[in-house]
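Working notes, structure below.
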Amino acid sequence: MTLQTEWAGEAWKKITNKVKRTSARIKDGFPHASVEGVYKLELASWWTAGFWPGLLWLIYNDTKDEELRGYAESCERQLDQVILDYYRLDHDIGFMWILTSVARYKLLSAEDSKRRALLAANLLAARFNVQGGYIRAWNPWREDEDNRGWAIIDCMMNLPLLYWAAGETGDPRFKHIAVRHADTVLEHFLRPDGSVYHIVVFDPETGEKTGVESGQGYAAESGWSRGTAWAIYGMALSYRYTGDERYLDAAKRAAHFFLANLPEDRVPHWDFRLPEDVTAYRDSSAGACAACGMLLLSEQVSGSEAPLYTYGAAEILHSLYVNYGAWDSEEEGLVLHGTSHYPNGTNVDVPLIYGDYYFAEGISRLNGRQLLFW
Ligand code: GLY
């Protein structure tokens, strides 16, 4: 593997051609997981709704393809209904509106997109628990469920919506909330070895930490690889917006854990601490997201440190391209072997739209594109 742009240029062309092809069927739908070669479409309220339009915007940024722009804009308009569906909204507002409205605003300076993203940022900020210093993850999934005190590592990737809103409005409240949440993650989620908890539970009244949950990892104390990726990229982004070195150190620590635990082909298993009798499926989406985080890290560290992250990221992306890319088949996904939720048995060993998105983002960055939607 070389860092030279030859293979990355080739990969970008394949991504562009394939998305153009699959967009003829998916259009302005909301794919999540590709089962038996075809992306299942979800409701616009599902947390993954931003990734397909985000992928279309990445390609639009390069090609100015008006058809792809039309699909992405239609996805964004469909989210207008979701923002009124109070009970369905959760902290993933960040993923959803960053890759639709913030992306369109950054690319086209569209005022209506800015307004939508600011409204979404207000709803995300409103999930903040002042006592505990955390953003509440979800609303109850079932009638009798009490998850008022649950916060999850994934939320690190939602914080950029708040940082962006603070910058756009000049109102630091948004940033204060993001920083308080990130500090809570430093204190309660990140372990000394750089691995992370998926779910930490707080008493919603007093704010005291009361426990941890395994969530999408194998066990509470295991090392869910996508959670680690959320921490790497999310902490690197928090550093980018705040300049607080503690976030940089946290991103590095999580990246070192991630890199040190990769198997030979550099694409992680779904959890880094699995007992022998549990199938070690890969999670290509974790690899793709972590690689994007490492690319950002490489730009933020001092010169001598940068190659660790640049090459670490490039090795992952190269392996995803040559060993996991679905280039010569009818498969709709770009990247094979993602694992969404092993403990629930859902979408295991399949292409996932966020894996495709982060793979494309990473490849576009290797090709010199600088714009970040986050
Ligand atoms: N944010 C949910 C997941 O990583 O699957």
Side-chain angles (χ1 to χ4, degrees), residues 30-35 39-40 42-52 54-55 82 88-100 120 124 127 134-139 141 147 150-161 181 185 189 195-200 212-220 222-235 237 254 258 267-272 281-293 333 335 337-359 361 373-374:
F30 297 99
H32 176 193
S34 173
V35 179
Y39 259 122
K40 284 187 298 182
E42 302 287 345
L43 295 175
S45 55
W46 189 235
W47 77 276
T48 53
F51 290 103
W52 171 247
L55 179 56
V82 178
R88 293 261 54 80
L89 286 174
D90 56 34
H91 73 136
D92 288 325
I93 287 169
F95 284 114
M96 293 164 80
W97 272 274
I98 289 170
L99 294 178
T100 53
L124 180 57
R127 302 189 70 81
Y134 66 87
I135 292 173
R136 176 179 174 177
W138 302 298
N139 300 335
W141 297 102
N147 53 15
W150 287 31
I152 70 174
I153 191 67
D154 321 31
C155 194
M156 285 306 302
M157 286 304 295
N158 291 320
L159 301 186
L161 182 63
H181 182 89
V185 170
F189 284 71
S195 64
V196 295
Y197 291 104
H198 183 194
I199 301 174
V200 177
V212 290
E213 297 278 339
S214 56
Q216 282 162 262
Y218 171 72
S222 69
W224 182 41
S225 58
R226 196 162 59 254
T228 319
W230 297 142
I232 297 168
Y233 203 1
M235 281 292 169
L237 284 160
F258 198 94
V267 173
H269 299 120
W270 67 274
D271 195 303
F272 289 120
Y281 289 108
R282 292 296 203 275
D283 180 11
S284 51
S285 76
C289 174
C292 291
V335 185
H337 306 303
T339 294
S340 168
H341 199 320
Y342 181 92
N344 265 5
T346 46
N347 300 322
V348 173
D349 203 23
V350 293
L352 298 166
I353 193 63
Y354 32 96
D356 287 2
Y357 171 81
Y358 285 107
F359 174 68
E361 184 187 300
F373 299 145
W374 308 103

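As the structure lists them, so they are numbered: ligands from 1, and atoms in each ligand from 1. Numbers for residues simply follow the sequence, beginning at 1.
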* Among protein heavy atoms, which lies nearest atom 1 (N) of ligand 1, and at what distance? -> Asp154 OD2, 2.6 Å

* For Trp224 and ligand 1, does the shortest N/O to N/O distance drop below 3.5 Å? -> no

* Tyr218 vs Trp270 aromatic rings, parallel, tilted or perpendicular, using cut-offs 30° and 60°? -> perpendicular

* Taking the side chain as C-beta and beyond, is there a heavy-atom pair between Asp271 and Tyr342 under 4.5 Å? -> no

* Structure fact -> The protein heavy atom nearest to atom 5 (O) of ligand 1 is Arg226 NH2, 2.6 Å

* Asked: Who passes side chain to side chain donor-acceptor pair (under 3.5 Å) against His181, sequence neighbours left out?
  -> none

* Asked: Mind checking whether Trp150 and Arg136 have side chains closer than 4.5 Å, heavy atoms only?
  -> no

* Using a strict 4.0 Å cut-off to heavy atoms of Gln216, name the atoms of ligand 1 that fall inside it. => 2 (C), 3 (C), 5 (O)

* Between Asn158 and Asp92, do the side chains contain an N or O donor and an N or O acceptor separated by less than 3.5 Å? -> yes

* Asked: Looking at ligand 1, does any of its N/O atoms fall within less than 3.5 Å of an N/O of Trp230?
  -> yes

